[in-house]
Amino acid sequence: MTVRQQVSAFMRKVYNCLLVAFISLLVTAVTVWYLYSVDGEGDDMPYTAFTCSSNLELEDQMKMSQKGLAIDDATFDCPGKIPKYWPHTGAPVKALRLFRTAQPGWDVKTIAEFHKTVASYLNHTGAKVLVGTQITCDELEDDVDWAHTVSLLKLLSRMDASRVLGLAVGNELDQLASKQGVSKDCVATLWDGYLVSKLHARMEDVRKIKGFEKLPVTTVFTAGVVWDTGAAPFKDTPDCKVNTFLTQILKLEPNWVFTFNFYPYFDPTIGMDQDGKHCSTALEKCKCFDSPECLNILSMQQTRNAMTRLTGDPSARLWVGEVGWSAPQAETLHTAMEHCAEFSGYKMLYEYYRNFIAWDLTIPESHDEAQSSSNAYASPEIVFWFSVRDSANFGVKEHFGLIETCDDSSCKLSRARAKGPTSITGLRQSSAELAAVAA
C-alpha cells in the first residue's frame with residue numbers, strides 16, 4: 001500500500017468515526033428532548049397495553065418468566081402494539097429481543113419515538129430486553145447502526161440498567177455466505193478478524209455506560225453450526241469459522257453467553273411419509289419439546305455437547321435466540337416439507353406453540369450415552385419465540401407471527417384454525433365462551 005493509500009484509508013476511518021459520533025450525539029439529544037419536552041419525565045412515559053384477542057386459550061404454561069418475544073420488522077412499524085401478554089394466555093411477557101434499534105431510512109425523530117416506546121413498554125411491564133446490533137459487509141452502516149444502539153442503551157441506563165439482558169452483536173452470520181449479493185471477500189473479512197474486533201470494540205463502548213460494566217454479550221448463530229463439524233466442536237470452514245471465533249472471543253469477553261436459533265421447520269433431513277402424500281412422522285418430531293426424539297431437543301443436546309467440548313463447562317450460559325413455526329408456508333421453505341400442506345398448517349402452528357408454552361425448558365437426557373458423557377443437560381436461561389407478527393426475511397415473506405399484521409387486533413390462531421375439541425390437553429373454552437354458555 002502506498003503512502004497516499006494509507007493516508008486515504010486513515011482519513012476514511014477518521015471521517016467514519018466523526019460521522020458515527022455525530023449521529024450518536026444527535027439521536028441521543030433528540031431522544032432526550034422528545035422524552036422530556038413532549039411527555040415529561042422519563043419515568044412518566046405514557047403506555048397503552050396491547051393484547052390480541054382470541055377465543056383460544058392455553059392452560060398449560062411453564063417457565064413463562066424465562067420466555068420472550070422476538071420483535072420482527074413488521075412490529076417495528078407499530079411498537080406500541082407489542083403484546084403485554086403472551087397470546088392465548090394470561091401470562092405477561094417478561095422479555096423482548098430486538099435485532100436492531102432502528103430501521104434503515106428512519107429519520108431521527110422516528111428513531112427517538114421508537115426508543116421511547118420500547119423504554120415505556122419495559123418501564124410499565126417490568127420486562128427486560130436483549131438489544132441487538134448488526135454486523136454486515138458495510139462498516140459505515142454497521143457503525144451508524146451502532147450509534148443508534150448506543151442511544152437506546154444510554155436511555156435505558158438512565159431509566160433502569162437492569163432492564164437490559166445483554167447485547168447481541170450480529171445474527172446468524174454463519175449463513176452470510178449463502179446470502180445473495182454477498183461477496184467472498186466480505187465473508188473472508190468478517191471471519192478473519194472483523195467480527196471479533198467489532199464485537200470487542202462494541203463492548204468497550206458499552207462498559208463506559210453506567211450500569212453496563214458487566215453486561216453479558218453474545219453473537220447469535222443457527223443450530224447448523226453444531227452439525228457436521230468434523231473434529232471441532234463447532235463448524236469451522238473458510239465460509240463459517242464459528243469455532244475459531246468462539247475460541248477467540250471466550251478469551252476476550254468474560255461475560256460471554258452462547259446463543260443459538262433452533263428451527264426444525266427448516267431441517268433439510270426430514271422427509272415425507274412412505275406414501276409420499278403426508279408427513280406425520282416429521283410433524284411429530286418437529287412439534288415436541290419433551291423427549292430426546294424431538295428435533296428441538298436433539299439440536300439442543302448437540303449444542304450443549306459442543307459447548308462443553310469447547311469450554312469444559314457443561315453449565316456454560318446458553319440462550320435460545322429463536323424458535324418458531326410458520327403458518328401459512330414461508331416462501332423461504334425449500335425442503336421436502338414444502339410439498340406437505342399439513343406441515344405449514346395452522347393446526348401445526350397451534351400444536352407447536354402449545355408445546356412451547358408448556359415446555360419447562362428442560363433438555364431431556366440423551367438415550368445414547370455415546371452422544372453425551374454426562375446424560376444431563378443444563379437448561380437455557382431464556383428462550384425467545386420468533387415472532388410477534390408475520391414479516392419478510394430479506395424481502396421474502398414468512399409467517400412465523402402470532403399476529404398477522406399491525407392492523408389486526410385478533411391473534412392469528414383461533415379455535416377454528418386450531419381445529420381442536422375442548423378435550424385436547426391444554427385447550428379450554430375462553431372466558432367469553434363460558435360466560436355465553438352461563439347466560
Suppose the criterion is ring pair (Phe, Tyr, Trp, His ring centres under 6.0 Å): which pairs have a residue in residues 291-311, not counting sequence neighbours?
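Output for this query is empty, none listed.
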Kindly state each residue pair satisfying ring pair (Phe, Tyr, Trp, His ring centres under 6.0 Å) with at least one member in residues 307-329, sequence neighbours excluded.
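Passing the test, one end in residues 307-329: Tyr265-Trp325, Trp325-Phe343, Trp325-Tyr352.
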Who are the salt bridge (charged side-chain N to carboxylate O under 4.0 Å, His left out) partners of [X], not counting sequence neighbours?
{"X": "Asp390", "result": "Lys412"}
{"X": "Arg97", "result": "Glu322"}
{"X": "Lys287", "result": "Glu284, Glu351"}
{"X": "Lys198", "result": "Glu139, Asp143"}

Could you tell me which residues satisfy side-chain contact (heavy atoms from CB on, under 4.5 Å) with Asn243, sequence neighbours excluded, listed by chain and number?
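If we apply the side-chain contact (heavy atoms from CB on, under 4.5 Å) test to Asn243, skipping adjacent residues, the hits are Ala232, Pro233, Phe234, Asp236, Thr247, Leu310.
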Could you pull out all residues at least two apart from Thr136 that satisfy side-chain contact (heavy atoms from CB on, under 4.5 Å)?
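Once residues adjacent in sequence are excluded, the partners of Thr136 under the side-chain contact (heavy atoms from CB on, under 4.5 Å) criterion are Gln134, Asp138, Asp142.
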Do the side chain of [X] and the main chain of [Y] share a donor and acceptor less than 3.5 angstrom apart?
{"X": "Thr110", "Y": "Trp106", "result": "no"}
{"X": "Ser197", "Y": "Tyr194", "result": "yes"}
{"X": "Asn305", "Y": "Gln301", "result": "yes"}
{"X": "Asn393", "Y": "Val396", "result": "no"}
{"X": "Gln61", "Y": "Leu58", "result": "yes"}
{"X": "Asp360", "Y": "Thr362", "result": "yes"}
{"X": "Gln329", "Y": "Glu338", "result": "yes"}
{"X": "Ser151", "Y": "Ala147", "result": "yes"}
{"X": "Thr101", "Y": "Thr149", "result": "yes"}
{"X": "Ser157", "Y": "Leu153", "result": "no"}

Counting neighbours of NZ on Lys235 that are heavy atoms of other residues, nucleotides or ligands and sit closer than 6.0 Å, is the number greater than 12?
yes
Specify the closest pair of heavy atoms between [X] and [Y], including all atoms of both residues, with the distance to one decimal.
{"X": "Leu349", "Y": "Gly401", "result": "CD2-O, 4.5 Å"}
{"X": "Asn296", "Y": "Pro264", "result": "OD1-CD, 3.2 Å"}
{"X": "Phe400", "Y": "Ala330", "result": "CE1-CB, 4.3 Å"}
{"X": "Pro216", "Y": "Val257", "result": "CB-CG2, 3.9 Å"}

Qualifying side chain to side chain donor-acceptor pair (under 3.5 Å) pairs with a residue from residues 78-94, counting only residues at least two apart or across chains
Ser54-His88
Any chance you could measure Thr303, atom OG1, to Ile297, atom CD1, to the nearest 0.5 Å?
10.5 Å
Rounded to the nearest 0.5 Å, what's the gap from CD1 on Ile382 to OG on Ser65? Could you check?
8.5 Å
Which word best sums up how the rings of Phe258 and Phe260 line up, parallel for under 30°, tilted for 30 to 60°, or perpendicular for over 60°?
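Rings of Phe258 and Phe260: parallel, as their planes differ by under 30°.
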Enumerate donor-acceptor pairs with a distance under 3.5 Å from any side-chain N or O in residues 66-79 to protein atoms, sequence neighbours excluded.
unit_1: Gln66; atom_1: NE2; unit_2: Glu381; atom_2: O; d: 3.0
unit_1: Lys67; atom_1: NZ; unit_2: Met62; atom_2: O; d: 2.8
unit_1: Lys67; atom_1: NZ; unit_2: Phe356; atom_2: O; d: 2.6
unit_1: Lys67; atom_1: NZ; unit_2: Ile357; atom_2: O; d: 2.9
unit_1: Lys67; atom_1: NZ; unit_2: Trp359; atom_2: O; d: 2.8
unit_1: Asp72; atom_1: OD1; unit_2: Thr75; atom_2: OG1; d: 3.1
unit_1: Asp72; atom_1: OD1; unit_2: Val388; atom_2: N; d: 3.2
unit_1: Asp72; atom_1: OD1; unit_2: Arg389; atom_2: N; d: 2.8
unit_1: Asp72; atom_1: OD2; unit_2: Ala74; atom_2: N; d: 3.1
unit_1: Asp72; atom_1: OD2; unit_2: Thr75; atom_2: N; d: 2.8
unit_1: Asp72; atom_1: OD2; unit_2: Thr75; atom_2: OG1; d: 3.1
unit_1: Thr75; atom_1: OG1; unit_2: Arg389; atom_2: NH1; d: 3.1

Which residues pass the disulfide bond (SG atoms under 2.5 Å apart) test with Cys240, sequence neighbours left out?
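Disulfide bond (SG atoms under 2.5 Å apart) check on Cys240 returns nothing, list empty.
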Set of disulfide bond (SG atoms under 2.5 Å apart) partners for Cys286, sequence neighbours left out
none
Please test Asn123 against Ser120 for side chain to side chain donor-acceptor pair (under 3.5 Å), starting from the C-alpha separation and ending with a verdict.
CA-CA 5 Å; Asn123 189 46; Ser120 177; over 6 Å; no
Could you walk me through whether Lys241 and Asp192 pass the salt bridge (Lys or Arg N to Asp or Glu O under 4.0 Å) test, one step at a time?
CA-CA 8 Å; Lys241 298 181 181 179; Asp192 290 342; 2.7 Å; yes
For Asp174 and Thr222: C-alpha separation, side-chain torsions, deciding distance, then whether side chain to side chain donor-acceptor pair (under 3.5 Å) applies.
CA-CA 7 Å; Asp174 53 295; Thr222 73; 2.5 Å; yes
Can you find a pair of side-chain heavy atoms, one from Ser299 and one from Trp227, that are under 4.5 Å apart?
yes
Applying side chain to side chain donor-acceptor pair (under 3.5 Å), run through Asp267 and Thr269 and close with a yes or a no.
CA-CA 6 Å; Asp267 192 325; Thr269 67; 2.6 Å; yes
Test side chain to side chain donor-acceptor pair (under 3.5 Å) on Ser326 and Glu398 and set out the steps.
CA-CA 7 Å; Ser326 181; Glu398 296 181 329; over 6 Å; no
